[in-house]
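Notes for the one structure printed next.
Here, residue 1 is the first one in the sequence, and each next residue gets the next number.
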Amino acid sequence: MDNQFLNIWLEQKSIAVCDSLPDKLHFMKPALQHQVEVYEKSRNHDLILDLAPTGTGKTKAGFTVLLHNPNQTAIYIAPTNALVTQQAEAAEAFVRDAKLTHVVKAASAKEIQGWSDDRVGKRSGEKLYNLLQNPATIFPEVGANRPLFLVTNPDIFYYATFWAYNSLDKSNIASEFYSRFSTIIFDEFHLYSAKQLVSLLFFIAYSKVLGYFQHDRKIVILTATPEKACDEAFNTLERAGIRIARIDGESNHSNQVPSQTKVALEIRPKIERDEYLLQIADEVKEKYLANPNGNGAVILDSKDHINRLADLLTERGLKEGYGRIHGSTHQKDRLLAVQKPIILATSTVDVGFNFEKNPVPTRQTLDWLIFSAKDRHSFWQRLGRVGRVLGRKITDIPSEAIAYIDPKAWEERILELDRSGGRESLRKMLESLSCLDRPFLSIYWRSEASLEIARPLSELEDLLTDLPQISVIEELYQTMRCILGGTKDWSYYRSRMRVFTGAEKIKDISIKKLKSDWKFTKGGQALIKTFFKCYYPEYLKEIEADQNKIKHYEDMFKKYPENFESLKGFARMWYATYQPIFQFRDSLFDNIKVVDRFNLLLDESEETIIDPIHLLRYYDFATDGEKIELKRRVDKPYELKFILYNQDLLEKFKQNKLNRLMAFEDCNLERWLRGAKIPTPSLQELRQQFVSGVIVSTQENQGTIIQLRKQGLTIFPMYVHFAEQPRPKEFTFFPSLSGMLAIASSGRRLKLPDGEDFYIA
C-alpha cells in the first residue's frame, strides 16, 4: 500500500497587501489587496465574488461593502450558529472602527427565542419581523432610527425567503427579507448543498427581476473554492444583465506577504476503517513525540471515526494531549480543545473555525494536519488550515499534511501527477478526478429544484394577481430555468405546488371542517383531483369530461363520505413525501439530548445533542423516558433496519410503492448485530408518523446499492410485512431527499406518488 502514497511539495503561498487605501478604508490599515478590491468593485457591480484563499480576511472584505450603503439595513449569513456569534462580534468591531451607526444583532433560532416576549409577543417570526422593522421595538436601549446589521444562519434566511414560517408571519417576514436589505453577504458559499444553493440563486434572480439592483442593492459571496456548476449559474445571471465582479485574491503579485507555509503533502487512498484509524493513530503519536512543542490536527468526515481515534490515542498515552471538536461539542469545550497540541475534529471546523492558541504563537498554529476529503472542495478547504502564517513573525517553517481520498483516484491515474508542478499541477489533477465531484448537485437542479422554487413563486403570484407586475413571475421562472435547466413550463410546477399546498392545509383540518370547507381550501381542489387520480382513476375521467367538476366531486363525497378520512390520510402522506424538498437541511430525525458521563463524545461537559441515527448505530444507552444516558461505544456498529407493516398484497405493493418517491407510515427502527435483533430502549423522538424516501428491490439493485454505500450514503434495509406472507420481505430504503437523488442519479427510473414519472431535465 505504501507504494501508492503520493508525495508532493506545495510551494509557499502569498497574498498582496495594499498600501494605498481609499480614504474610507484608512481605519483598516494594513489591508489586503482583495479586501480593497471588494470595496472598489462593489461601487459599480451588483454581485461581488471574493474568491481569496481560506484564512485571508474575506469576512472583513465583505464588511467593506456596507460603506456604500452606510445608512441602510444589511444581513450577513454565516453557515453555523457558532459562526453567527463569532461573526456578529467581528461585525460589531468593524462597525465601531468604521464609525457606522448599525445595530448588530445575532439571530439564530435560540437567540430569537431568548429575546423578550414583553414587547411584541412570543412567536419567533413576530419578533424577527419587528426587529427588521425597527430594532428599537425589541431592544429599546439601542435607540431609534438606527440601521440593522443582522447576522444569521442559512436556515433562517431560507425559511424567511421561501415562505416557510407559520401562516401568521410568513408573508411579513418574506416581504422584509426580499425588500429590506441593501447589503447581503453570504459566507462560506462553497459549503452549501445542491438544494441550499437554490435558495441563494433564487434570491439573486429575484433581486434582478424585481429591480433591486437598480436601487443599489449589493450581494457579496465569499468562497475559497467555487463550484463549477455555480460558475455556470453566475455566467447565466451575468448574461441576464447582473453586473458581476470576480476577485480571486491571488492575481496581484506585487507587495506580497506570506499567507501559508511550504507544505509537504502526502496523499493516501482511504482504506478499511480499523486499519485506517490505526494508521492515523500511529502517525499522530510519531509526530507528537518528534515535536512535542508542535501543534497538529486530524479532520475526518465521521464523528465515530474521531471518537474511535480518541480511544486509540488514549491507549498510546496521549489522553491529555488531544481535544475533540465536532457537532456535539459545546462552545466552552471547543475553547479548551483548541488549546491542546492535538485537535481531533469533524467537518464542523471547515466553516470559519480558527485554530487560535492562547497566547498567540509567532508562527503557524498548525504545524501538521491529517485529513480525509470526500470531494475537491473539502480537500482544498482542509489543506488551507495548515501552516497559516498571515500576520505572523515567523513564516519560513514548513508544514506537513496527509490527505486520505477516494481510492478510485488511483484508478483515475492520480499517480501520473507532475510532482514538480506544485499547487497548480495538483489543482489540475484533482479537477480531472470524477471521484472527487460533489454528488447530486446537477441531478437536483435538473429535477426537484424547480418544484422548490415554485413555493415562493406561487406565494408571489397570489400577491400580484390582477396587478400589472404579475408578468415578473414568468420572467423570474424563466431566469431560474436557464440556471437549473429543464423544459417544463411554469404551469407544470404551479400545478404541482397547488397539490402540495392543498396537502399542507388539509392534513391539519378536522374532518368536520373538511366536509364543509374543502372546496374553499387553498390548493384543496388540486389535491382532491390527485386523490381521485390515485384511487378512482375511472371516475376522474368522467369528472374531467364535464365542466362542472366541483359537483362531481361533491357527489362522490356524498356517495362515499368515508373518503374524507381517506383524503386527510392522503394529504398527510403527500405532505410528508415532499416535505424534505421544502426544508433547508436533509435529516431523518431531529437531534436529541443525551447525558455523556463517560466522555464517550465529549472531553469536559456531560450533556449534549446527537443525531438519533448516530446514537443507535454506535452506542449502548439507557433511558428513563426523560433523559438518555450513554453507556458505552460499541466495537461493531449496529445495523439499523426499518420495519414496515403493509396492508397491501405483495404484488400491489411492488406495483404502487416500489421505485416511487413516497412517505411511509408507521415505520419502526430496529437494531441488529450478527443476524440477531438487539433490544433497544424506546425513543419518543423516533416515533414520527411518516418517513420519506424511496424503496427499491434489493436483488435488482445490488450493484447500485454497493456503489452508493461506498460513496458514504446512508442506506437502510427495509423489511416489509404482508398479510399473505409468513415472513417479511427485504427491500432497500433510500431515505429522505439525499436517498431520492442517489437512486435517481444511478439511472433507476422513479415515479412520483401519483404514478407520474419523476422528471429529470
Side-chain angles (χ1 to χ4, degrees), residues 46-47 73 75 77 125 128-129 132-133 154-182 184 195-215 217 219 233 236-237 240-242 445 448-484 486 488-505 521-527 575 578-579 581-584:
D46 310 311
L47 179 63
T73 297
I75 185 171
I77 298 98
L128 185 57
Y129 172 72
L132 294 169
Q133 287 272 297
D155 304 64
I156 287 177
F157 184 84
Y158 178 88
Y159 288 114
T161 55
F162 273 56
W163 271 267
Y165 272 86
N166 68 65
S167 58
L168 296 173
D169 299 313
K170 64 180 183 180
S171 292
N172 286 338
I173 291 178
S175 176
E176 288 295 308
F177 267 73
Y178 278 115
S179 64
R180 177 70 61 174
F181 304 115
S182 292
I184 302 98
K195 77 180 303 299
Q196 292 166 354
L197 288 168
V198 170
S199 63
L200 185 151
L201 294 170
F202 183 84
F203 187 87
I204 296 171
Y206 180 97
S207 298
K208 168 64 174 67
V209 172
L210 274 293
Y212 284 96
F213 290 133
Q214 297 175 22
H215 293 88
R217 169 171 283 177
I219 296 178
T236 299
L237 291 169
I242 296 178
W445 284 17
E448 294 301 73
S450 293
L451 178 61
E452 185 179 12
I453 66 168
R455 181 164 203 158
L457 282 172
S458 295
E459 296 283 356
L460 285 168
E461 191 170 56
D462 289 345
L463 292 173
L464 298 176
T465 299
D466 299 327
L467 295 176
Q469 298 95 321
I470 191 67
S471 61
V472 302
I473 301 301
E474 183 65 31
E475 183 181 354
L476 186 50
Y477 175 74
Q478 292 300 336
T479 300
M480 289 301 298
R481 191 168 88 168
C482 289
I483 296 171
L484 302 174
K488 297 286 187 179
D489 60 19
W490 166 231
S491 64
Y492 172 81
Y493 288 105
R494 180 202 286 124
S495 297
R496 287 187 63 192
M497 191 63 221
R498 283 176 178 166
V499 178
F500 177 80
T501 301
E504 188 175 30
K505 300 290 184 182
T521 301
K522 183 179 179 181
Q525 293 183 37
L527 179 73
Y575 175 82
Y578 285 103
Q579 182 57 18
I581 293 172
F582 300 105
Q583 60 189 27
F584 191 70

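- Using a 4.5 Å heavy-atom threshold, the side chains of Thr236 and Thr479 count as separate.
- The shortest side-chain heavy-atom distance between Phe202 and Arg455 does not fall under the 4.5 Å cut-off.
- Looking only at side-chain heavy atoms (C-beta outward), Leu132 and Phe177 come within less than 4.5 Å of each other.
- Ile219 places a side-chain heavy atom less than 4.5 Å from the side chain of Phe203.
- Annotation: side chain of Tyr165 is not in contact with side chain of Asn172 (no heavy-atom distance under 4.5 Å).
- Scanning for ring-ring contact (aromatic ring centres under 6.0 Å, His included) contacts around Phe213 gives an empty result, with sequence neighbours left out.
- Counting all heavy atoms, side chain and backbone alike, Lys208 lies closest to Ala240 at CE-O, 3.0 Å.
- Pro456 has its side chain out of reach of Glu459: every pair of non-hydrogen atoms, C-beta onward, lies at least 4.5 Å apart.
- Classification of the Phe162-Tyr158 ring pair by plane angle, with boundaries at 30° and 60°, yields parallel.
- Interatomic distance, Asp46 CG to Arg217 CZ, rounded to the nearest 0.5 Å: 11.0 Å.
- In summary, the aromatic rings of Trp163 and Phe582 are positioned with their centroids too far apart to meet the 6.0 Å limit.
- No more than 12 heavy atoms of other residues, nucleotides or ligands shown are found within 6.0 angstrom of CD on Gln214.
- Remark: the backbone N or O of Ser171 is not paired with any side-chain donor or acceptor of Tyr129 at under 3.5 angstrom.
- Ile581 CD1 to Glu448 CD: the interatomic distance, rounded to the nearest 0.5 Å, is 4.0 Å.
- Contact of the Ser458 side chain with the Tyr493 side chain is not registered, since no non-hydrogen atoms from C-beta on lie closer than 4.5 Å.
- When every heavy atom of Met480 is checked against every heavy atom of Ala205, the shortest pair comes out as SD-CB, 3.8 Å.
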request  = Step by step, work out the side chain to side chain contact (heavy atoms under 4.5 Å, CB included) result for Gln133 and Arg180.
outcome  = CA-CA 9 Å; Gln133 287 272 297; Arg180 177 70 61 174; 3.2 Å; yes
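- Side chains of Tyr477 and Leu457 form a contact here, defined as non-hydrogen atoms less than 4.5 Å apart.
- Checking side-chain atoms of Ser495 against main-chain N and O of Ser491 turns up a donor-acceptor pair under 3.5 Å.
- Nearest heavy atoms, Ala449 versus Val198: CB-CG2, 3.8 Å.
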